[in-house]
Amino acid sequence: GQVYPFTSELGKVLEKGTDSTDPLLSLDIAFLVLDEAMEALQYADDSSGDIGLLVDETIGFIYEVFESSVHFEHYIKEELLDKLLQQSESKSFEGWEEFRITLLRAGIYFAADEHLRTKFKSKVESFVSEADGDRYYNESYLRILFDLINEYGTESESEQFILDHLRYTSFRELWIEHQMKLQNYQKVIQLALEAEQQDNRYAGLVLKWKRIRYDAYKKLSLKEDQQTLALELFMDGDFNFYKELKELNSEPEEVFYNDLKNQLK
């Protein structure tokens, strides 16, 4: 019952940071509020979402500090980045990794400076884990690294980074999109089939890869493969493929319709 008054008081402290013209002081105040709010998530009932909202608001303000400091002198930017990297190690983020990732992304604002970019990149890499259970968070950290390479590296470096991380959904999607643009549909089919096997424990992902494979079959006018996969997707509950099946059907419509009904039964 005291969550709202608590977050309101912390919000007033955060306002002190927004009133300051000193970015270093603003950041210190924001980190004090962030620490208090993150710790409160461990012991308070935040079913109202007030504490989480305050955390989001505080991180948003930190982004504003970084964005407004892009053209400041190098030593100020380095000090701001150092503070950010140190804060990212806070134990208060344990169990709330998504907030750590969001906070850490603020460092991208200073990535144009090679020295600061190297420092930032090194910290992000330190959070990447080889444990299977950390797949989602790993992917988020790797996306930060990819954004850096994509912006400041070469095209071949970007492509190699994608190829090195095809086991992650977003990177495989990027590579499939690239192959689609090249009209390399056989490669798309291969990538989708590999993904279906790799992600067989995740039904939602398997459906995603099957739909992509279907699009590639369609581009290649592989009618039989289309029909087989469309039926499979329809039976998995994707009713959009009923229209596809009707268009691919060569039997009398009544026979086709009754056959589908029987299979569903």
Side-chain angles (χ1 to χ4, degrees), residues 34 38 41 52 55-56 58-60 62-63 66 81 84-112 116-182 184 187-216:
L34 188 62
M38 291 300 302
L41 283 171
V55 171
D56 287 335
T58 306
I59 294 176
I62 291 165
Y63 273 57
F66 272 72
L81 183 64
L84 178 78
L85 301 185
Q86 185 177 356
Q87 181 68 23
S88 71
E89 295 178 347
S90 172
K91 290 184 178 179
S92 63
F93 289 114
E94 291 177 6
W96 302 94
E97 198 75 19
E98 63 273 18
F99 287 131
R100 190 203 310 271
I101 294 164
T102 306
L103 173 70
L104 202 52
R105 263 198 171 273
I108 284 180
Y109 282 109
F110 296 164
L116 299 183
R117 183 167 71 249
T118 301
K119 187 179 282 193
F120 175 56
K121 181 172 174 280
S122 177
K123 176 58 69 178
V124 175
E125 287 173 340
S126 74
F127 286 116
V128 178
S129 166
E130 294 303 316
D132 287 341
D134 297 329
R135 172 176 168 148
Y136 171 77
Y137 299 127
N138 277 347
E139 188 167 359
S140 298
Y141 287 123
L142 289 166
R143 281 308 297 249
I144 297 175
L145 295 173
F146 176 70
D147 288 346
L148 293 175
I149 293 170
N150 210 31
E151 182 68 26
Y152 303 103
T154 64
E155 187 176 340
S156 61
E157 286 173 333
S158 293
E159 288 188 2
Q160 190 57 52
F161 193 89
I162 293 172
L163 289 169
D164 289 342
H165 299 96
L166 285 179
R167 65 187 179 279
Y168 296 103
T169 304
S170 61
F171 291 105
R172 187 170 288 269
E173 281 183 304
L174 284 172
W175 195 238
I176 284 173
E177 284 171 19
H178 178 67
Q179 297 302 324
M180 276 288 199
K181 285 177 184 175
L182 295 176
N184 193 354
K187 183 65 177 177
V188 170
I189 292 167
Q190 179 195 332
L191 287 163
L193 284 168
E194 287 171 0
E196 287 168 45
Q197 188 173 0
Q198 172 191 282
D199 298 327
N200 58 55
R201 292 177 296 167
Y202 309 101
L205 281 180
V206 170
L207 284 174
K208 176 202 286 282
W209 303 129
K210 283 182 178 180
R211 290 185 188 114
I212 288 171
R213 181 156 58 95
Y214 182 85
D215 288 341

(message) Among residues at least two apart in sequence or on other chains, which ones pass side chain to side chain donor-acceptor pair (under 3.5 Å) with Ser156?
(response) Thr154
(message) Under the rule for side chain to side chain donor-acceptor pair (under 3.5 Å), what residues qualify as partners of Ser158, not counting sequence neighbours?
(response) Asn150
(message) Applying salt bridge (charged side-chain N to carboxylate O under 4.0 Å, His left out), can you list everything that pairs with Asp147, at least two apart in sequence or on another chain?
(response) Arg105
(message) Tell me every residue that passes side chain to side chain contact (heavy atoms under 4.5 Å, CB included) with Leu193, counting only those two or more places apart in sequence or in another chain.
(response) Ile189, Glu196, Arg213
(request) For Lys187, check salt bridge (charged side-chain N to carboxylate O under 4.0 Å, His left out) against everything at least two apart and list the hits. (result) none
(request) Please name all residues satisfying side chain to side chain contact (heavy atoms under 4.5 Å, CB included) with Leu163, sequence neighbours left out, ordered by chain then number. (result) Gln160, Leu166, Trp175
(request) Taking side chain to side chain contact (heavy atoms under 4.5 Å, CB included) as the test, write out the residues that go with Lys208, two or more places apart. (result) Thr169, Glu173, Leu205, Ile212
(message) I'd like to check the side chain to side chain contact (heavy atoms under 4.5 Å, CB included) partners of Ser90; sequence neighbours left out, ordered by chain and number.
(response) Asp35, Gln87, Ser92, Phe93
(message) Test of understanding: with side chain to side chain donor-acceptor pair (under 3.5 Å), list the residues that count as partners of Glu125, not counting sequence neighbours.
(response) Lys121
(request) Name all residues meeting the side chain to side chain donor-acceptor pair (under 3.5 Å) criterion together with Ser170; count only those two or more places apart in sequence or in a different chain, and write none if there are none. (result) Glu139, Arg143
(request) Fit a plane to each ring of Tyr141 and Phe127, take the angle between them on a 0 to 90° scale, and name the class: parallel (under 30°), tilted (30 to 60°) or perpendicular (over 60°). (result) parallel
(message) Lys210: which residues meet the salt bridge (charged side-chain N to carboxylate O under 4.0 Å, His left out) condition with it, sequence neighbours left out?
(response) Glu232, Asp236
(request) Just grab all the salt bridge (charged side-chain N to carboxylate O under 4.0 Å, His left out) pairs involving residues 89-100, residues at least two apart or on different chains. (result) Glu89-Lys123, Glu97-Arg100
